[in-house]
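This report refers to the structure that appears directly beneath it.
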Amino acid sequence: MTAPPAATAPATWYHATVPAAPARPALSGTVRTRVCVVGGGLCGVSAALHLAERGIDTVLLESETIGHGASGRNGGQIVQGFSASMDRVAAAVGRADAQAFWDMGREAIADIPDRVERHGIDCDLRWGYLIAALNRRQLGELHETVAEWAGYGYTGPSIVEGAAVRSVLGTDLYVGGMLEPGSGQLHPLAYLRGLAGAAEAAGARLFEQSPATAIEHGTTVRIGTPGGTVVADTLVLAGNAYLGRLVPSIRRRLMPVASFVGVTEPLGEERARRLFPQDVAVADCNVALDYFRLTADRRLLFGAGASYSATTPVGLKGWLARRFRRVFPELTDVAVEYAWGGLIGITHNRIPDLGRLKPNVLYAQGFSGQGMALTGLAGKLMAETVAGDDSRFRLVERVRHLPFPGGILRTPTLVAAMGLLKLKDRLGW
Ligand SMILES: Cc1cc2nc3c(=O)[nH]c(=O)nc-3n(C[C@H](O)[C@H](O)[C@H](O)COP(=O)(O)OP(=O)(O)OC[C@H]3O[C@@H](n4cnc5c(N)ncnc54)[C@H](O)[C@@H]3O)c2cc1C
């Protein structure tokens with residue numbers, strides 16, 4: 001194997017605060033394996049881990065370094081359910097199977113503490129979440145969500161309104177919110193690196209700086225990289241929004257949307273406790289939502305987006321500071337130390353897109369901003385399928401995913417659609 005070229009890690013607070021990762025080789029020569037996974041994010045790494053644990057020979061190719069994509073840049077929020085409402089899931093698969101979907105979502109969350117404990121991953125896992133309403137319409141929708149989830153047997157969340165919000169969060173911006181004890185937060189890159197180490201310990205071979213650039217289908221699949229070739233019985237595609245144009249047929253069903261994250265200098269213990277009395281992670285209800293939380297070293301980690309145009313706001317740190325000062329006006333003296341952007345893979349209906357391109361080519365993409373837990377489930381379902389039991393994968397595969405508009409109209413059409421939704425949020429309709 002050749003030595004990897006110098007790693008190109010994104011300049012995130014996450015990359016600055018995890019211990020150095022072990023050097024991994026770039027692929028060279030021809031390697032034969034049962035399964036080749038393309039993509040070293042949470043989905044691909046979790047697929048590799050589940051496969052290796054089942055004794056299935058697995059090679060993973062990552063074009064940069066593990067966690068280069070959304071998994072090493074995200075808000076670190078673990079969120080219950082799906083980005084789509086359960087009504088929409090039920091419309092797609094029927095009410096009985098929607099229950100199976102819901103239960104799998106719960107399993108996806110439960111798997112996180114299980115993995116953290118089993119592999120001794122130090123990733124600052126904490127529980128407690130507030131979905132915050134900016135107006136009465138949004139608060140009404142949160143009441144409906146509480147009732148909807150109760151219909152699926154989950155009665156964890158409760159509504160806080162008016163002055164009671166202050167006991168959860170030090171701001172007067174929100175009219176209320178849904179307090180959700182079963183959702184939470186962690187350091188996503190530390191978690192992912194822990195999973196990657198566990199996958200290697202179980203026997204998976206991980207290659208970095210090894211982009212898959214060509215795929216040749218057949219009874220075995222040949223995956224070419226600049227330095228070598230993997231010959232596999234089965235290919236698992238887990239490149240999501242970072243897969244680019246490698247597989248045009250699945251790209252049409254995915255819209256990469258930009259979102260941006262900033263991390264401030266430390267707030268200090270007293271101020272952190274005052275602004276986050278219950279230390280919850282928070283997201284508001286807007287389409288282009290704000291999401292934020294405290295880091296372990298008591299900085300404010302604040303994310304905002306999303307934009308279909310994928311252009312970075314001019315003066316990103318200042319742009320993020322203006323956004324978080326709307327929530328916490330007192331933070332005028334606090335500077336943003338880290339700022340970065342990333343791509344979220346969104347589907348039309350906001351339900352993850354799992355499927356088969358060929359009998360021996362599986363893919364998973366489009367977690368629509370809620371991939372922290374659902375990627376783990378997708379990896380698990382793909383491993384089950386390779387091992388011979390595709391019953392749960394078939395359930396998810398049944399969901400129909402519409403393509404986004406193509407050609408030169410793709411971006412302008414979506415920017416206009418997003419603009420209308422943002423206006424609706426601003427006016428409180
Ligand atoms: C800014 C931001 C904030 C977010 N916040 C949250 C949040 O708080 N909570 C939440 O649940 N979700 C959040 N998400 C979404 C979540 O991060 C994703 O759903 C999840 O990380 C997707 O994981 P993945 O493994 O499918 O894709 P990725 O993590 O994007 O991994 C794909 C990997 O594939 C690699 N790759 C692509 N093409 C190739 C190729 N040809 N060959 C080899 N490798 C390739 C890429 O380099 C990349 O590392 C956020 C996303 C972003 C961008």
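The figures that follow rest on heavy atoms only: side chains count, while hydrogens, waters and symmetry mates do not. Each ligand, and each atom within it, is numbered from 1 in the order the structure gives.
- Considering backbone and side-chain atoms together, Val261 places no N or O closer than 3.5 Å to any N or O of ligand 1.
- At under 3.5 Å, a nitrogen or oxygen of Glu62, whether backbone or side chain, sits near a nitrogen or oxygen of ligand 1.
- Contacts of Arg73 with ligand 1, taken as heavy-atom pairs under 4.0 Å, involve the backbone alone.
- Counting heavy atoms closer than 4.0 Å to ligand 1, residue Ala238 contributes backbone atoms (N, CA, C, O) but none from C-beta onward.
- Between Gly67 and ligand 1, not a single N/O pair is under 3.5 Å apart.
- Ring centroids of Tyr129 and Tyr291 are separated by 6.0 Å or more, keeping the two rings apart.
- Using a 4.5 Å heavy-atom threshold, the side chains of Arg394 and Thr385 count as separate.
- Here the side chains of Met372 and Tyr191 are in contact, with some heavy-atom distance below 4.5 Å.
- Annotation: Ser71 places an N or O atom under 3.5 Å from an N or O atom of ligand 1; distance criterion only.
- A 4.5 Å side-chain heavy-atom check between Glu337 and Lys317 finds every atom pair outside the cut-off.
- A side-chain donor-acceptor contact under 3.5 Å links Gln365 and Asp353.
- Every atom of ligand 1 is numbered from 1 in the order shown, and the set under 4.0 Å from a heavy atom of Tyr242 is 30 (O), 37 (C), 38 (N), 46 (C).
- Here's the thing with Pro211: none of its N/O atoms is less than 3.5 angstrom from an N/O atom of ligand 1.
- For ligand 1, the polar-atom distance check against Gln77 finds a nitrogen or oxygen pair separated by under 3.5 Å.
- Residue nearest to atom 19 (O) of ligand 1, selected from Ala214, Gly379, Gly371, Gly305: Gly371 (by heavy-atom distance).
- With a 4.5 Å cut-off on side-chain heavy atoms, Val231 and Val31 do not count as touching.
- Ligand 1 places these atoms under 4.0 Å from at least one heavy atom of Asn240: 22 (C), 24 (P), 26 (O), 27 (O).
- Taking the six-membered ring for Trp and the full ring otherwise, the centers of Phe324 and Trp319 sit at least 6.0 Å from each other.
- Close to ligand 1: Gly76, with a non-hydrogen atom less than 4.0 angstrom away.
- Contact annotation for Thr375 and ligand 1: only side-chain heavy atoms (C-beta onward) come within less than 4.0 Å of the ligand.
- For the 3.5 Å distance criterion, the side chains of Asn74 and Tyr14 fail to qualify, holding no donor opposite an acceptor.
- Selection from Leu301, Ile78, Leu237, Asn74 by nearest heavy atom to atom 6 (C) of ligand 1 gives Asn74.
- Here Leu343 has backbone heavy atoms under 4.0 Å from ligand 1, and that is the only part of it that gets that close.
- Backbone and side-chain nitrogen or oxygen atoms of Thr65 are examined, and none is located within less than 3.5 angstrom of a nitrogen or oxygen of ligand 1.
- Using modelled atom types and a 3.5 Å distance limit, the side chains of Ser183 and Glu180 yield a donor-acceptor pair.
- Atoms of ligand 1 lying under 4.0 Å from any heavy atom of Gly342, numbered from 1 in the order shown and given with element: 53 (C).
- Side-chain contact annotation: Gln77 with Gln185, donor-acceptor N/O pair under 3.5 Å absent.
- The six-membered or imidazole ring of Trp13 lies near that of His187, with a centre-to-centre distance under 6.0 Å.
- Looking at ligand 1, you'll find an N or O of Gly75 within less than 3.5 Å of one of its N or O atoms.
- The part of Phe367 lying near ligand 1 is the side chain, judged by heavy-atom distances below 4.0 Å.
- Proximity of Arg398 to Asp97: side-chain heavy atoms (C-beta onward) are separated by under 4.5 Å at one or more points.
- For the residue pair Arg205 and Arg32, the shortest heavy atom distance occurs at NH2-O, 3.4 Å.
- Under 4.0 Å from ligand 1, the heavy atoms of Leu246 that appear belong solely to its side chain.
- Remark: ligand 1 and Met372 share an N or O pair separated by less than 3.5 Å (distance only, no angle test).
- Scanning both residues, Asn360 and Thr219, for their nearest heavy atoms gives ND2-O, 3.4 Å.
- Atoms of ligand 1 found under 4.0 Å from any heavy atom of Tyr291, numbered from 1 in the order shown, are 1 (C), 2 (C), 3 (C).
- In this structure, Leu42 counts as a contact residue of ligand 1, since one of its heavy atoms falls inside 4.0 Å of the ligand.
- Between Leu343 and Val257 there is no side-chain heavy-atom pair separated by less than 4.5 Å.
- In this structure, Gly369 counts as a contact residue of ligand 1, since one of its heavy atoms falls inside 4.0 Å of the ligand.
- Taking only nitrogen or oxygen atoms, main chain and side chain alike, Ser63 reaches within less than 3.5 Å of ligand 1.
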